[in-house]
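Quick notes on the structure that follows.
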Amino acid sequence: MQLSLPEDSAPLKEMFERFFAAEATSARVRAAEPLGFDAKLWRELVALEAPFLRLSSEAGGGGMGLLDACVLMEAAGRRLAPAPLAEAIVALRVLGEIGGDVARQWIDKVRDGETVLTLALREVGDGRSQLVPGGAVAHGILTFDGSDLAIEIPGQTCDAPVTLGGNALGRFTPGQGERLVLASNADARVIWAAGIEEWKLLTSAALIGLSREALTMAAAYACERVAFGQPIGANQGIAHPLAVDAIDADGGAMLLWWVLRGIADGKQDAGATISMLYWWASRVASNSVAHAIHTFGGYGLSNEYDIQLYHRRAKSWSLALGDPEAELVRGGRRRRLGEAAALPDVGALDIDFSVPDAGHELAAETRAVFAKYIDPAHPRDGEQNFESHDWDIHRGMGEARLLYPDWPAKWGGRDADKDSARASAAVWQEVGYAGLARGVTGMAGHLVLLAGQPALQDEVLLRFANGDATACLGFTEPSGGSDVFAAKTRAVRDGDDWIVTGQKMFTSGAELASYVLLLARTNPDVAKHKGLTLFLMPLDRPGVEIHPVHTFMDERTNATFYGDVRISDRYRIGEIDGGVRQMATALSQEQGGSYYYHEMQEMVDAAATWARDEDRDGIPLIEHPATLARLARVYAHACISQALNGRVLWTRLAGEPDLAYGPATKVFTTQAFIEDSADLLDLCAPGSLVRGKTGLGVIEKGYRHSTATSIYGGTSEVLRSMVAERRLGLPRSRA
């Protein structure tokens, strides 16, 4: 796994960020209007060899990979660089691939810094005029007419209508100037088609850069502008939409890497995900600039403020190819109907989302233990609840020291390295066994390892690791909800003991557990978050009551009551009144594992299978554009969720700064899960109303399961505030 920007790409990123910050200033962007082209900037880009980044080294170019080109384009997007850079990069790479005298001559022409070569985004075989990015200043336009790849030299400068956001759009009519044929063989179409896919990737990167910079500008303004006595960024009505946009932009960036990795690996869905990425980047850009300009209020509408430049270009760039929704439909056709897609060569790519090698010895051992209890040919249905807990499996894994293999051997682990432990954990997903009790108990055990007293470690850690005992979470209270730091459950010191009185709600798994990780108020005279202490309380003490609470999701949770329960001080974790620190550790673990994309993928596959056999207007429903778009949307969300989850894990493994990546991932994944399961339920109605564990039944089950996912583990409202504060630097919006 490797999800950091590769070391070789970091200097390139830094160089172009500095370059565009210095040379593509807002003053120069304004000066380039209304055309949207800065001739001096173009010459500077040529001098830096930027348009030749992807040109093969044999043809005199940089020969760099597609990731580096995307790094360049994101930097260009952040500063709204007024030059047809993506179009030139693709056109020059195509010339290098084709070769020949004409191609070499045009490569040399562009090097003079005065010649602009661009790309027509649609075939020109019908002879109709089309708007071409950079066409208004182009000396040559790379075209494809259905059989020939050619450079067309306009007979006269293309008409340059005034447009929403510049982009040097020119109205190009083919056949009115000199036409230099480059290739007419069977590969010409493939080369052309791959070039258009590459353009989508580069433009997506630029849109992501544009989105991120617009959000940075909005966040800075929201910190400076004061209304009603406080910065407007402290208002959740401002902060939360910006936080969601930041999450979505990060999701686009991770999806871009996901797509590049898929192309490099030859994945079957690579072409589909390119189209989905372009749709997503376009959507994110539109939403981000809309919320950003709203943050500026009336000032954002004025020409003197830069945010309106971003607002206009978000649409101008994303619509150059046409309606982005058409790309979503195309992604659906590629994914569900097998429509072929020509893919560009990615080049070297040091990005890896994959789980550790399935051949890890620890993974093989884990698989062998599961084989004793689960038929590999018939995996579990993946029920995400505590009722699916199987004590035989749990104790079997404990006996093999595979419940927590990364724990010290002294405490029942294997001293396993992180990769080996992750490989073992991946097998649990592979066989479809949720093991929720294992996850919660591991969280409690981790805290005991870090901050538990020796006597507590001696009592519980081996029991946890051997599979003889589990733990549950006692955080939420009836009156507090997600505000766990408003806990009213009291713990009063009595000599060497504590007397605990209060109630916890939604204590899932308590009926199985031997211990509860309990947050209690130990000092009522200080700020609410300063007077809390964390305990690992035995549940077999007099005064503890567990009452079942059944939900419509077919899950049992519990209300737990503590009536003057006496426990020893050894069950305290960490310092007295210092529970917030331990809670932060616990919640960061709970908020970082949003694996609902598995269910999303199962649901969309079930819907697609159903749609193949369902006729509508005389044709299979799967062939309807609206159906393909809906299926593609869910699949795109699932891919983004999986990529964001990968980032959470990688951040922890690599020890990189964590900018609320866990909360961000949970916000995105749960919202997508909720909305997509409802949409698929609608799409497949009325058959989707029938309950079951196969076919459309997985959609009905997913719909019910999704409902609570934005609540437990921290509500989305709280997590959005965390993202706003830690990702965008906005003021704290909670008391």
Side-chain angles (χ1 to χ4, degrees), residues 193 197 200 204 248 251-252 255 258-259 262 267-284 286-287 318-319 321-341 596-642 668-669 671-707:
E197 299 303 308
K200 294 176 190 174
S204 295
D248 288 350
L255 181 60
W258 178 272
V259 172
K267 288 189 176 179
Q268 188 175 5
D269 67 349
T273 53
I274 291 176
S275 291
M276 294 172 192
L277 168 68
Y278 184 80
W279 161 77
W280 181 255
S282 300
R283 175 185 179 276
V284 170
S286 294
N287 289 343
S318 63
L319 300 184
L321 186 65
D323 184 0
E325 286 288 326
E327 281 302 308
L328 191 61
V329 175
R330 180 174 286 110
R333 289 202 304 268
R334 290 175 174 179
R335 171 70 181 155
R336 299 298 169 183
L337 301 181
E339 181 179 285
Y596 306 122
Y597 58 83
H598 289 297
E599 287 186 72
M600 293 163 65
Q601 290 169 343
E602 290 176 359
M603 288 191 300
V604 74
D605 286 344
T609 299
W610 168 83
R612 292 182 187 280
D613 297 327
E614 184 79 5
D615 280 353
R616 203 67 63 83
D617 300 325
I619 62 173
L621 188 61
I622 192 70
E623 297 179 15
H624 284 250
T627 302
L628 291 167
R630 292 165 82 171
L631 296 176
R633 184 179 296 109
V634 179
Y635 189 73
H637 290 163
C639 291
I640 294 170
S641 298
Q642 190 168 357
F668 180 89
T669 305
Q671 190 63 34
F673 188 20
I674 291 169
E675 293 179 357
D676 290 341
S677 62
D679 187 52
L680 292 177
L681 193 78
D682 293 349
L683 174 65
C684 302
S688 55
L689 297 174
V690 179
R691 299 182 65 169
K693 294 185 176 182
T694 60
L696 295 185
V698 304
I699 297 175
E700 188 277 336
K701 183 185 72 172
Y703 173 72
R704 284 184 292 111
H705 178 209
S706 72
T707 310

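In this chain, numbering begins with 1 at the start of the sequence shown.
Closest approach of A629 and V329 over heavy atoms only: CB-CG2, 3.9 Å. Taking each heavy atom of K200 and S275 in turn, the nearest pair found is NZ-OG, 3.9 Å. Taking every heavy atom of both residues into account, A272 and G331 meet most closely at CB-O, 3.4 Å. Smallest separation of non-hydrogen atoms from M600 and A672: CE-CB, 3.8 Å. Nearest heavy atom pair, residue A607 against residue L631, reads CB-CD2, 3.9 Å. Shown here for L277 and G252, the closest heavy-atom pair between the two residues is CD1-O, 3.7 Å.
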Considering only distance and modelled atom types, tabulate donor-acceptor pairs under 3.5 Å from the side chains of residues 676-692, sequence neighbours left out.
from	atom 1	to	atom 2	distance (Å)
D676	OD1	H637	ND1	3.3
D676	OD2	H637	ND1	2.7
S677	OG	F673	O	2.8
S677	OG	I674	O	3.1
S677	OG	S706	OG	3.1
D679	OD1	R630	NE	3.2
D679	OD1	R630	NH2	3.0
D679	OD2	R630	NE	3.3
S688	OG	L681	O	2.7
S688	OG	A685	N	3.4
R691	NH2	D554	OD1	3.1
R691	NH2	D554	OD2	2.1

Next on the checklist: One pair to check against salt bridge (Lys or Arg N to Asp or Glu O under 4.0 Å): E325 and R283. What are the steps and the verdict?
Outcome noted: CA-CA 9 Å; E325 286 288 326; R283 175 185 179 276; over 6 Å; no
Next on the checklist: Applying side-chain contact (heavy atoms from CB on, under 4.5 Å) to D617 and H624, what does each step give before you reach the verdict?
Outcome noted: CA-CA 9 Å; D617 300 325; H624 284 250; 3.6 Å; yes
Checklist entry - Where do R330 and W279 land on the side-chain contact (heavy atoms from CB on, under 4.5 Å) test, with the steps shown first? => result CA-CA 10 Å; R330 180 174 286 110; W279 161 77; over 6 Å; no
Next on the checklist: Applying side-chain contact (heavy atoms from CB on, under 4.5 Å) to V698 and D605, what does each step give before you reach the verdict?
Outcome noted: CA-CA 10 Å; V698 304; D605 286 344; over 6 Å; no
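One finds the OG atom of S282 at 7.0 Å from the CG atom of L319 (value rounded to the nearest 0.5 Å). The structure places CD of E599 at 12.0 Å from OG1 of T669, a figure rounded to the nearest 0.5 Å. Atoms NZ and CG, from K701 and L696 in turn, are 13.0 Å apart once rounded to the nearest 0.5 Å. Annotation: the span from R612 atom CZ to E623 atom CD amounts to 9.0 Å, rounded to 0.5 Å.
The closest side-chain heavy-atom distance from Y635 to T273 is below 4.5 Å. Looking only at side-chain heavy atoms (C-beta outward), Y278 and L321 come within less than 4.5 Å of each other. Side-chain contact between Y596 and H705 is present, with heavy atoms from C-beta onward closer than 4.5 Å. Taking 4.5 Å as the limit, some side-chain heavy atom of L621 sits within range of a side-chain heavy atom of W610.
R336 and D269 are not joined by a salt bridge, as no carboxylate oxygen comes within less than 4.0 angstrom of a charged side-chain nitrogen. For E327 and R334, the salt-bridge test fails: no basic side-chain N is under 4.0 Å from an acidic carboxylate O.
For an aromatic pair to be called close, the ring centres must be under 6.0 Å apart, and F668 with W280 satisfies this.
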